[in-house]
Amino acid sequence: MYIEHLVGKRLPDDPKDAQTPGHRLLLRGGYIRQVGQGIYSLLPLAQRACSRVEEIIRQEMNAIGGQEILMPVVSPAELWRESGRYETVGSEMLRFTDRNEHPCVLNMTHEEVVVDLARSNVDSYRQFPFMVYQIQTKFRDEPRSRGGLIRVREFTMKDGYSFHRTQEDLAAYYKECHAAYVRIFRRVGLRQVVDIESDTGMMGGSVAHEFMLVSDVGEDTLVLCDACGYRANREVARSARSYAATEALQPLGNVVTPAKKTIEEVTTFLGTDPTHACKAVAFVGDGRPVIAFVRGDFEVNQAKLRKALRTGDIRPMTEEEFAPFGSVAGFVGPIGLDTSKVTLLFDESVARSPNLVIGANAVDLHTTGFNFERDMPAGTPVHDLTDVNEGDPCVECGKPLRLTRGIEVGNIFQLGTKYTAAMSFEYSEEDGSLRTPIMGCYGIGVGRTMASVVEENHDKFGPFWPISIAPFQVQICCLGTAKDETVAPTGQKLHDELTAAGFDVLLDRRSVGAGFMFADADLIGAPIRIILSPRHMPRGMAELKFRLAEPREDLPREAALDTLVETVRTLAAELGKPYA
RNA sequence: CGGGGUGUGGCGCAGUUGGCUAGCGCACCUGCUUUGGGAGCAGGGGGUCGUGGGUUCGAGUCCCACCACCCCGACCA
């Protein structure tokens, strides 16, 4: 490939909308082009890298028995009605009608479609287990996209679905898939990927893990224990906080707190601190008022709240919505509410901390000396509703937890029978009985993985691509083509030989300054660079340079091919498996 | 959905007390000179000034509406 033919102009200036270092480089290098909000075209450089990511995924999925299929982007609404998600999933699913006014959706995931596929093709226990996967476009109408390819609305995803007769079989396969994911992320060149316990969200199911690239530009918060290896998404992370109470219990007592609404205002006014306050956070979940009570120094974790309520539909409460259940915004407390009209949820920080200040459900009034055990009806349930914080004791080993950010590049779920049961997928078991298969699903964002590689592997001049997914493995820079007319043909010959030997080679023989040429080469990021200049010509030499390392060396051109084969092998070996 | 911001050539921007053929840098084309970290000179091509309407002798510039995109928040496998 000649660089002048490569579609995708490299930009001299930084695009002003670039959010992250990787986004900036992908735009500047002419890898991607934004078409709309969260919608991008992939130009040849990005498409090449993505194709290689896909090929690695294919190899690893096939290696664990996956069968590649392709399901449609568009589905009739009926399939999503069958599972119930047509109603439960919100506006992130794009809905429309076709010319016959038939309601359709753009699939944002394919559980419904794959169950429909499987139930019409699988009847017997003999056919289990099996896994099908596809690499297909998804559309999710995210309320907000950002960060280039890290968070987009339309994207390519590898999604796999496995079906099993027993939970044990699913669990075993889940482990296999987990191991395949570890291999995939290592082979594409990501180093700091960790698997963490995750929320099951709208997917349902019980066990789930996310594969996260540790990165400051990530949107998720990871909770990690360096001592024992506990790691979880903050949405589900637990900690072993203790609430050792040594204080004598105080009696309940009302106190006037004029216009003191926030925890900060109330505790300052009363001369106490947030660990002695009860924070009431009001939501509406599935249309019913809900108050979450957490101690004043903690934050409500909405994912945990959703789980406790068993709904995905929650929103903050508006001020007018407090009166019907007997309270008022800013002064909400657990005593005296009409519990036929409002759901109360208590975090254990409230249940176990003594002598808390609570709202008295009346304007400018609080109550002191609240003690959960004493003041609430026996048997009132206690939940875990709060965010884990930096330094909290690990739930497994008690050592301090660490928080960091991460980009979710993949996830795996044990779904159980949520979809197979809802959609009446049954097969005949050995004993003749009808059974419902148990399902797992496994996703990897292809574009996001490619973009994550850049986030993790770059300098200010450009990406450094791992050999396994580099758009071009070798770039040949011909310097001084005007001064010495043998340079360009020599570069051409080398290009042809290396291409014939199976390398992806980009040849630059333009009459431009060396700085210009090298700057372009840095943006393209080929791991191996061969530089030819007039001074190499008489000696039959060429210069070999790696994108990642400064040392350059001259080598005889005759040996270039052998050296490169060896070099590529070495680079690939570092990624865990020889690149084909 | 709430708050804020920006729309002028491929990219980055100036021009906005209304006034001539709408400019600059980079990129692009032609020629010459250059050539080891974004070269120089000369010439050249390219723009419905986001869209629609209005005010005016005259609108990139003023008014109204709309649209797109960006940021913060809400939201989210």
Side-chain angles (χ1 to χ4, degrees), chain A residues 4 7-19 23-24 27-30 33-39 43 85 88-93 107-111 138 140-148 151-153 155 157 159 198-205 208-212 219-220 233 235-236 283 302-303 306 312-318 408-413 415 441-445 448 460-462 477-485 487-488 508-523 529 531-536 543 545 550 552 554:
Chain A
E4 61 268 33
V7 174
K9 179 154 36 183
R10 284 152 313 274
L11 306 176
D13 306 303
D14 278 343
K16 63 175 179 181
D17 290 336
Q19 291 302 300
H23 186 199
R24 176 185 145 259
L27 285 170
R28 270 202 63 186
R33 158 110 193 154
Q34 185 169 4
V35 174
Q37 187 186 89
I39 300 176
L43 278 61
R85 285 205 291 186
T88 58
V89 172
S91 50
E92 70 257 36
M93 182 158 71
N107 285 307
M108 48 189 291
T109 175
H110 280 80
E111 282 76 18
K138 300 276 188 284
R140 293 183 190 175
D141 200 355
E142 300 280 358
R144 208 174 140 204
S145 51
R146 63 195 118 179
R151 184 175 187 75
V152 290
R153 297 198 295 165
F155 56 99
M157 179 170 170
D159 47 324
S198 69
D199 188 28
T200 50
M202 75 162 193
M203 303 297 297
H209 288 83
E210 290 166 336
F211 287 78
M212 291 279 183
E219 296 193 292
D220 287 279
N233 194 307
E235 292 178 341
V236 298
F283 297 88
Q302 291 193 27
R306 278 197 192 87
D313 174 30
I314 65 172
R315 62 168 174 83
M317 191 178 290
T318 63
E408 181 188 353
V409 287
N411 57 30
I412 54 180
F413 290 86
L415 291 176
C441 77
Y442 319 92
I444 293 178
R448 183 184 277 187
K460 65 176 173 175
F461 301 111
C477 296
C478 298
L479 296 173
T481 51
K483 191 192 287 179
D484 182 339
E485 63 204 14
V487 173
D508 191 346
R509 46 175 190 184
R510 296 173 297 173
S511 295
V512 297
F516 191 92
M517 192 177 283
F518 290 148
D520 272 2
D522 288 342
L523 277 172
R529 188 178 303 175
I531 300 155
L532 293 172
S533 79
R535 73 165 199 250
H536 295 116
E543 180 178 313
K545 182 189 182 312
E550 193 43 49
R552 310 167 175 196
D554 284 358

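Proteins get letters first, then strands, A, B, ... in listed order; numbering begins at 1 in each.
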Using a heavy-atom cut-off of 4.0 Å across all strands, would you classify [X] as base, sugar-phosphate, or nothing?
{"X": "Glu219(A)", "result": "nothing"}
{"X": "Arg535(A)", "result": "base"}
{"X": "Ala519(A)", "result": "base"}
{"X": "Arg529(A)", "result": "base"}
{"X": "His110(A)", "result": "nothing"}

Using both distances under 3.5 Å as the test, list the Watson-Crick or G-U wobble partner of [N], or none.
{"N": "G9(B)", "value": "none"}
{"N": "C62(B)", "value": "G54(B)"}
{"N": "G46(B)", "value": "none"}
{"N": "A39(B)", "value": "U33(B)"}
{"N": "C1(B)", "value": "G73(B)"}

With rounding to whole Å, what would you report as the distance between [N] and [M] at their [atom1] atoms?
{"N": "G60(B)", "M": "G47(B)", "atom1": "C1'", "value": "12 Å"}
{"N": "G9(B)", "M": "G53(B)", "atom1": "C1'", "value": "26 Å"}
{"N": "C28(B)", "M": "C11(B)", "atom1": "P", "value": "15 Å"}
{"N": "A65(B)", "M": "G10(B)", "atom1": "C1'", "value": "31 Å"}
{"N": "G50(B)", "M": "C67(B)", "atom1": "C1'", "value": "7 Å"}
{"N": "C13(B)", "M": "U6(B)", "atom1": "C1'", "value": "13 Å"}
{"N": "C24(B)", "M": "A14(B)", "atom1": "C1'", "value": "7 Å"}
{"N": "C32(B)", "M": "U16(B)", "atom1": "C1'", "value": "42 Å"}

I need the [atom1]-[atom2] distance between [X] and [N], as an integer number of Å.
{"X": "Lys9(A)", "N": "G9(B)", "atom1": "NZ", "atom2": "C1'", "value": "10 Å"}
{"X": "Asp17(A)", "N": "C70(B)", "atom1": "CG", "atom2": "C1'", "value": "5 Å"}
{"X": "Gln37(A)", "N": "C71(B)", "atom1": "CD", "atom2": "P", "value": "9 Å"}
{"X": "Ile39(A)", "N": "C69(B)", "atom1": "CD1", "atom2": "P", "value": "8 Å"}
{"X": "Asp14(A)", "N": "A27(B)", "atom1": "CG", "atom2": "C1'", "value": "15 Å"}
{"X": "Leu11(A)", "N": "C28(B)", "atom1": "CG", "atom2": "P", "value": "12 Å"}
{"X": "Leu27(A)", "N": "C69(B)", "atom1": "CG", "atom2": "P", "value": "16 Å"}
{"X": "Arg151(A)", "N": "A74(B)", "atom1": "CZ", "atom2": "C1'", "value": "12 Å"}

*asked:* For Arg535(A), is there an ion pair with Glu543(A) - N to carboxylate O distance below 4.0 angstrom?
replied: yes

_Carboxylate-amine/guanidinium contact Asp520(A) Arg510(A), below 4.0 Å_ = yes

_Given 3.5 Å as the limit, does a donor-acceptor pair link the side chain of Arg33(A) with the main chain of Leu43(A), or not?_
no

_Donor-acceptor under 3.5 Å (Arg28(A) side chain, Leu11(A) main chain)_ = yes

*Out of Lys460(A), Lys545(A), Arg529(A), which one pairs with Asp522(A) under the salt bridge (Lys or Arg N to Asp or Glu O under 4.0 Å) rule?*
Arg529(A)

_On RNA chain B, compare the nucleotides closest to Phe461(A) and Pro316(A); which residue's is nearer the 5' end?_
Phe461(A)

*asked:* Return whichever of Ser511(A) or Glu142(A) has its heavy-atom-nearest nucleotide of RNA chain B closer to the 5' end.
replied: Ser511(A)

What nucleotide among [options] has an atom nearest to a side-chain atom of [X]?
{"X": "Gln19(A)", "options": "C11(B), C71(B), U6(B)", "value": "C71(B)"}
{"X": "Arg306(A)", "options": "G37(B), C75(B), G38(B)", "value": "C75(B)"}
{"X": "Pro143(A)", "options": "G36(B), C75(B), G38(B)", "value": "C75(B)"}
{"X": "Phe518(A)", "options": "C76(B), G36(B), G38(B)", "value": "G36(B)"}
{"X": "Lys16(A)", "options": "U6(B), C69(B), G36(B)", "value": "U6(B)"}
{"X": "Phe516(A)", "options": "A27(B), G36(B), G37(B)", "value": "A27(B)"}

*asked:* Can you tell me if Glu485(A) has over 12 outside heavy atoms packed within less than 6.0 Å of its CD?
replied: no

*Hey, does the side-chain of Asp522(A) have a donor or acceptor N/O within less than 3.5 Å of a partner on the base of G37(B)?*
yes

_Donor/acceptor link under 3.5 angstrom from Arg28(A) side chain onto base of G38(B)_ = yes

*State the SG-CG distance between Cys477(A) and Leu532(A), to the nearest 0.5 angstrom.*
9.0 Å

*Is any side-chain nitrogen or oxygen of Gln34(A) closer than 4.0 Å to OP1 or OP2 of A68(B)?*
no

*Side-chain N or O of Gln302(A) less than 4.0 angstrom from OP1 or OP2 on C75(B)?*
yes

*So which of Asn233(A), Ile412(A), Asn411(A) actually passes side-chain contact (heavy atoms from CB on, under 4.5 Å) with His209(A)?*
Ile412(A)

